[in-house]
Amino acid sequence: MATVTVRNLPDEVHRALRVRAAMHGRSTEAEIRDILESTVRPPERLRLGTALAELGRRVGLTDDEAEHLNQLRDKTPAEPMRFE
């Protein structure tokens, strides 16, 4: 796992984080992890696989049709991008 260091955090912000962590019954570090995760990975985010599966159900796509589409798709690996 990665480690992140936050420099120059105002005292008021650190105090608020400690209070919030205590209210949730966890350490300040655990509270910060929770804040970061819920911000960058909100539960209501669009998940492409789930959205495509729901679309398939709505239009009545059968398992056989889905398998046929899978066999037709291009399976050639993508070329990596070059940054020059």
Side-chain angles (χ1 to χ4, degrees):
M1 289 202 172
T3 300
V4 175
T5 301
V6 179
R7 298 188 197 306
N8 302 318
L9 187 66
D11 291 336
E12 301 83 30
V13 173
H14 186 250
R15 234 184 332 273
L17 283 168
R18 286 192 347 245
V19 169
R20 182 176 164 149
M23 289 172 53
H24 291 130
R26 54 185 164 220
S27 70
T28 303
E29 186 175 320
E31 186 67 21
I32 292 168
R33 275 193 304 271
D34 184 70
I35 292 168
L36 289 171
E37 184 170 354
S38 65
T39 300
V40 300
R41 296 182 58 194
E44 66 277 358
R45 73 187 187 278
L46 176 64
R47 300 184 72 131
L48 184 57
T50 303
L52 290 173
E54 176 60 29
L55 178 62
R57 280 190 290 278
R58 273 193 269 147
V59 299
L61 187 68
T62 66
D63 287 344
D64 289 338
E65 291 168 328
E67 181 55 35
H68 181 69
L69 289 172
N70 190 38
Q71 290 172 3
L72 292 176
R73 74 180 176 87
D74 182 6
K75 295 180 178 91
T76 306
E79 289 293 322
M81 291 182 66
R82 290 200 167 83
F83 297 97
E84 298 175 33

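Heads up: numbering here begins at 1 and tracks the sequence.
The CD atom of Glu37 sits 14.0 Å away from the CD1 atom of Ile32 when rounded to the nearest 0.5 Å. We find the CZ-CZ distance between Arg41 and Arg47 to be 7.0 Å, quoted to the nearest 0.5 Å. The NE2 atom of His68 sits 14.5 Å away from atom CG of Asp63, with the distance rounded to the nearest 0.5 Å.
Legend: residues meeting side-chain contact (heavy atoms from CB on, under 4.5 Å) with Leu55, ordered by chain and number and at least two apart, are Val59. Legend: residues meeting side-chain contact (heavy atoms from CB on, under 4.5 Å) with Arg26, ordered by chain and number and at least two apart, are His24, Ala30, Glu31, Asp34. Qualifying side-chain contact (heavy atoms from CB on, under 4.5 Å) partners for Leu69, counting only residues two or more places apart in sequence or in other chains: Leu61. Among residues two or more places apart in sequence or in another chain, the side-chain hydrogen bond (donor to acceptor under 3.5 Å, both in side chains) test is passed with Asn70 by Arg73.
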Test side-chain hydrogen bond (donor to acceptor under 3.5 Å, both in side chains) applied to Thr76 and Asp74, step by step: CA-CA 6 Å; Thr76 306; Asp74 182 6; 2.7 Å; yes

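Atom CD of Glu67 has more than 12 heavy atoms from other residues, nucleotides or ligands within 6.0 Å.
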Which pairs of donor and acceptor atoms, one on a side chain in residues 4-17, lie under 3.5 Å apart (sequence neighbours left out)?
from, atom 1, to, atom 2, distance (Å)
His14, ND1, Arg18, NH1, 3.4

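Between Ala21 and Ser27, the closest heavy-atom pair is CB-O, 3.5 Å.
Here Val19 sits in one hydrophobic cluster together with Met23; the rule is ILVMFWY side chains under 4.5 Å apart, joined directly or through other members.
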